[in-house]
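Here's the structure, in structure tokens; my notes come after.
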Amino acid sequence: MTAVEILKKYWGFESFRKQQEDIVQSAINGRDTFALLPTGGGKSICFQVPGIAREGICLVISPLIALMQDQVKNLKSKGLKAAAITSGMSRREIDIILDNAKFGGLDFLYVSPERLKTDIFLARFKQMQVSLIAIDEAHCISQWGHDFRPPYLEIYKLREIHPEVPMIAVTATATEEVRKDIIEQLQMRNTNYFEGDFARDNISYEVYAVENKRNAILKACKRFSGSTGIVYCQTRRETKEIARLLIAHNLSAGVYHGGLPGEERKKKLDAWLNNHIRIIVATNAFGMGIDKPDVRFVLHYEIPNNLEAYFQEAGRSGRDGKASRNMAFYSQVDLVKLRQRIAQQFPPIDFIKTVYRALCNHFSIAIGSGMNESYGLNIKELVKKYDFEPLPTYNALKILQLNGSILFNEAVFHPTKLKFIVSNKTLYNFQLKNEEYDPLISLISRSNPGIFSNYYEVNEAKIAQKLRKSTAQIHKELQYIEKQGLADISWQSELPQVTLLHERLPDEYMRIDQKVYQTRKDVALKKLESMLNFVQEPICRSILLLKYFGQEGKPCGKCDICLAEEKSNYSAEELQGIIENLLEEKAFTLEEFLAELKGVERHHLVGVLNWMLDVQLVQYKDGAFSK
């Protein structure tokens with residue numbers, strides 16, 4: 001089949017989007033390929049179509065469990081054979097998946113980068129017929145990127161095992177420095193590079209300094225009433241509070257964050273996708289892999305830490321090509337908090353070591369053991385048990401991941417999975433002797449014909465409904481079946497997963513790489529400065545955004561800067577010159593400036609003054625501006 005025939009058969013599309021076909025054809029032809037496509041540019045199709053077209057299995061390396069689960073589910077719904085190896089799986093379950101991959105029983109195998117180093121994976125990978133190695137979220141390989149993951153640096157070693165297999169790397173966010181780093185670290189050869197146009201002409205990027213952000217969010221949501229939108233908040237507490245505010249004003253809103261039970265998260269997402277809820281108030285965990293075309297607005301209750309995050313979140317609007325608005329709100333206090341947030345991301349090294357020790361003790365891991373073992377971590381329990389502060393503890397876990405000590409996955413819903421590990425005959429004999437377990441075993445067996453060779457998801461609530469029993473009773477029966485050695489069960493979990501990437505080290509040998517720690521801190525501060533510059537510099541938002549990603553733009557005519565300039569008698573540059581001249585004579589308050597400067601929009605003037613303060617062209621003291 002040709003690439004277009006595959007696209008039509010499995011995705012139902014008549015043709016590829018701009019550039020997709022060239023990217024797909026490059027990978028099909030066996031060339032190393034790098035695609036930088038903005039959010040909503042259809043990156044997954046760029047490696048999934050060649051994965052089907054080329055003979056063998058397509059290995060996909062991805063850093064996010066939720067994203068892997070979504071893509072595997074999506075591929076299976078199209079009749080394709082796909083599986084993912086994630087933390088929290090039993091060794092037996094991993095063994096079966098790898099066997100299927102080795103014997104050609106899979107079209108796609110998704111793995112996290114940490115899994116690539118394990119002996120069990122490497123041994124089977126050598127025996128697989130691999131068609132393509134796809135690296136999703138490829139920016140994670142670069143220490144200059146916004147989401148560095150050290151195990152990505154090991155990916156190039158796969159080439160030593162299968163030197164002839166082409167690689168395709170895809171990402172939505174990479175500066176020029178990061179792009180070069182990706183190609184170098186992956187040791188890509190004779191690479192075909194494709195870059196999408198980051199300009200989104202149907203989207204407005206707007207940033208407003210306001211006194212009361214809640215009122216600003218409420219006012220904006222009322223203005224867009226009846227349209228689909230997302231409100232992004234930094235913390236779970238804020239998502240709840242903003243959602244309550246919107247609901248109290250009769251707006252159709254719901255909450256989505258990593259702390260919600262899996263079933264509730266799914267219900268909220270489905271309700272939003274099907275327009276039963278119009279506005280979803282979410283943390284930045286929301287949106288990955290979700291393609292809802294009719295999102296008319298995205299609001300930021302707080303400014304994100306970097307432009308990559310802002311661009312990705314804003315890019316979730318207007319995917320149908322129709323006009324959409326992005327509005328971010330901030331107060332001067334927020335800009336101070338942003339700097340504090342970066343400082344909090346890097347707790348003292350001694351504290352990070354203390355958290356590592358506490359973590360190992362919490363799970364009773366002896367020195368010299370624990371390598372590649374996964375544990376469900378209740379962070380609340382950990383901080384209470386060891387009297388830690390929650391935020392520094394969370395950030396310490398993130399740095400332990402950067403240090404290559406652990407893998408720390410945010411809360412992801414893992415459904416209960418089951419596989420019978422005895423013969424059909426043995427199971428039947430058990431059913432004859434234990435009649436009360438017969439309905440449960442029969443239902444599971446009939447529903448999943450391949451359950452003697454593979455693991456299948458078991459929804460305890462649905463089974464309880466069908467058998468007219470309580471969920472607790474079904475859970476008890478499943479536990480008994482497991483105890484009798486009839487089945488291997490991987491139990492449902494919604495806790496964040498911690499995986500030790502090496503055996504527990506004695507305290508005196510535990511090292512935090514000072515270079516990694518300092519480099520990440522420097523990168524975070526550099527990205528914060530770019531974000532603050534974007535917020536405050538009185539230049540078209542679209543021009544600044546494109547410039548950051550190495551592309552040239554022209555005034556969009558839609559952002560707050562363009563609109564304010566249009567309504568004012570002066571451009572930002574002219575206004576700056578006039579302000580400097582006025583301040584030669586005396587200090588001015590904001591109101592005095594507005595009285596003096598006829599035909600200047602307040603928002604435009606405030607923006608220029610804020611930027612002049614930031615670059616120290618003016619000073620502000622006792623309510624007045626001076627030179």
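- A salt bridge links Lys213 to Asp334: at least one charged side-chain nitrogen sits closer than 4.0 Å to a carboxylate oxygen.
- The backbone N or O of Ala572 lies less than 3.5 Å from a partner atom in the side chain of Glu565, making a donor-acceptor pair.
- Ion pair Asp320/Arg296 flagged as a salt bridge, since at least one NZ, NE, NH1 or NH2 atom sits closer than 4.0 Å to an Asp/Glu carboxylate oxygen.
- Counting only N and O atoms by type, the side chains of Asn533 and Glu529 include no donor and acceptor under 3.5 Å apart.
- No close placement of the Tyr205 and Phe534 rings is indicated, their centers lying 6.0 Å or farther apart.
- The two residues Asn305 and Met531 have their closest heavy-atom pair at O-CB, 4.0 Å.
- Annotation for Ala314 and His300: closest pair N-CE1, 4.4 Å, computed over non-hydrogen atoms.
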Can Leu158 and Leu59 be said to form a side chain to side chain contact (heavy atoms under 4.5 Å, CB included), step by step? CA-CA 10 Å; Leu158 297 177; Leu59 178 74; 3.8 Å; yes
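- Taking the six-membered ring for Trp and the full ring otherwise, the centers of Phe549 and Phe311 sit less than 6.0 Å from each other.
- For Asn29 (side chain) and Gln25 (main-chain N/O), a donor-acceptor pair under 3.5 Å exists by modelled atom type.
- Under a cutoff of 6.0 Å and an axis angle of 45°, Lys398 and Phe408 do not form a cation-pi pair.
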Can you list the steps and then say if Glu537 with Lys547 is a salt bridge (charged side-chain N to carboxylate O under 4.0 Å, His left out)? CA-CA 13 Å; Glu537 193 168 352; Lys547 185 181 174 188; over 6 Å; no
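- For the residue pair Met1 and Glu5, the shortest heavy atom distance occurs at CA-OE1, 3.3 Å.
- For residues 150-174, the salt bridge (charged side-chain N to carboxylate O under 4.0 Å, His left out) pairs, not counting sequence neighbours, are Asp32-Arg159, Glu154-Lys157.
- Arg149 and Asp147 are not joined by a salt bridge, as no carboxylate oxygen comes within less than 4.0 angstrom of a charged side-chain nitrogen.
- Aromatic ring pairs are classed by plane angle as parallel below 30°, tilted from 30° to 60° and perpendicular above 60°; the pair Phe108 and Tyr110 is tilted.
- Heavy-atom minimum distance, Ile141 versus Phe148: O-CE1, 3.6 Å.
- Side-chain atoms of Ser26 and Thr33 form a donor-acceptor pair, as typed in the model, at a separation below 3.5 Å.
- Between Trp611 and Pro538 the shortest heavy-atom distance is CG-CD, 3.3 Å.
- Side chain of Trp272 to backbone of Gly229: a donor-acceptor contact under 3.5 angstrom is found.
- When every heavy atom of Pro166 is checked against every heavy atom of Ala27, the shortest pair comes out as CG-O, 4.3 Å.
- With 3.5 Å as the limit, one finds a donor-acceptor pair spanning the side chains of His139 and Thr171.
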